[in-house]
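Source: prediction; values computed, not measured.
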Amino acid sequence: MGTTRTTDATEMTDTTATTATTEKRTDDETVPAQAVAAEEETDAAAGPEAAGQADAGDVETPEEDGDAAARSTTGVAAGAGAVVAAGLGLASVTGTWLGTLMAERQTLMGQINLQAGKATDQISAMYGTPWHTTALVNGVFAVLAALVAAVVLTRPRAATWVRAVAWGGLALGALGLLISAGMYLDLFASMPTLPKGARPGA
């Protein structure tokens, strides 16, 4: 009988210890699980807000898009203006189809006036007036080139190549203006004159 009671007491003690150990393990496993669940809930709550902040930092606002588009348009306009200024300056130096056409028209008008008796100076009607007309047309192109180049150069933050082309157009415009003035004022060559005693058409 003593042995049986001792064995029963030992088994009860082992059972109690096993139950306590199992409960302890269960509690130990429950605490980390609860901690992990709490962290996941916190991340889930903060996730949309944090993602929204990150997305807000990456996405460009409409104002920034508008500023970028305005800068791009301004750069294109400045580049086009510089090229136009250079073209006008070159035309003022080399001459234009419009200047040639106007000179030919003045020559024809001089012939008509001579035949109608409205002009007595044949050299001026056939040579001087067309020459001065060409100078005037080239001078207009030179002034336009200088004005367009000056406008482009006043643009802030213009690209280096734009400013270089604009300066080239301004230089050509100034040179074309000097050449036109010299042509109109007969500085490069004087107007032809008839010898004394000679008559036009003789």
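The backbone N or O of Tyr184 sits nowhere less than 3.5 Å from a side-chain atom of Trp131 that would complete a donor-acceptor pair. Between the side chain of Thr96 and the backbone N or O of Ser92 there is no donor-acceptor pair closer than 3.5 Å. With hydrogens and angles disregarded, no donor-acceptor distance shorter than 3.5 Å links the side chain of Thr129 to the backbone of Ala125.
The same ILVMFWY cluster, assembled from side-chain heavy atoms under 4.5 Å apart, contains both Leu98 and Val148. Cluster membership check: Leu88 does not share its hydrophobic cluster with Val143, using side-chain heavy-atom separations under 4.5 Å among Ile, Leu, Val, Met, Phe, Trp and Tyr. Side-chain heavy atoms closer than 4.5 Å link hydrophobic residues (I, L, V, M, F, W, Y) into clusters, and following such links, possibly through other members, connects Phe188 to Val93. No chain of hydrophobic side-chain contacts below 4.5 Å, direct or via other Ile, Leu, Val, Met, Phe, Trp or Tyr residues, connects Trp97 to Phe141. In the hydrophobic clustering of this structure, Val84 groups with Val137; members are Ile, Leu, Val, Met, Phe, Trp, Tyr whose side-chain heavy atoms approach within less than 4.5 Å, directly or through other members.
In this structure, the side chains of Val152 and Val162 come closer than 4.5 Å at one or more pairs of heavy atoms. Annotation: side chain of Met183 is not in contact with side chain of His132 (no heavy-atom distance under 4.5 Å). At a threshold of 4.5 Å between non-hydrogen side-chain atoms, the residues Thr134 and Met102 do not count as touching.
Rounded to the nearest 0.5 angstrom, Gln106 CD and Leu136 CG are separated by 9.5 Å. Interatomic distance, Leu187 CG to Ile179 CD1, rounded to the nearest 0.5 Å: 12.0 Å. One finds the CG atom of Asp121 at 12.0 Å from the CG atom of Asn113 (value rounded to the nearest 0.5 Å). Expressed to the nearest 0.5 Å, how far CZ of Arg163 lies from CG of Leu153 amounts to 5.5 Å. Rounded to the nearest 0.5 angstrom, Asn138 CG and Thr94 OG1 are separated by 8.0 Å.
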Name each donor-acceptor pair under 3.5 Å that joins a side chain in residues 164-176 to protein atoms two or more places apart or in another chain, with its distance.
none

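Listed here is the closest heavy atom pair of Thr133 and Ala103: CG2-N, 4.3 Å. Smallest separation of non-hydrogen atoms from Ser180 and Ala135: CB-O, 3.3 Å.
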Checklist entry - Yes or no on side-chain contact (heavy atoms from CB on, under 4.5 Å) for Leu147 and Val151, after CA distance, side-chain angles and deciding distance? => result CA-CA 6 Å; Leu147 290 177; Val151 171; 5.6 Å; no
Next on the checklist: Test side-chain contact (heavy atoms from CB on, under 4.5 Å) on Leu101 and Arg105; report intermediate values, then the result.
Outcome noted: CA-CA 6 Å; Leu101 182 63; Arg105 182 179 183 277; 5.9 Å; no
Item to check | Check against side-chain contact (heavy atoms from CB on, under 4.5 Å), Gln122 and Tyr127 | outcome: CA-CA 8 Å; Gln122 184 177 0; Tyr127 175 78; over 6 Å; no
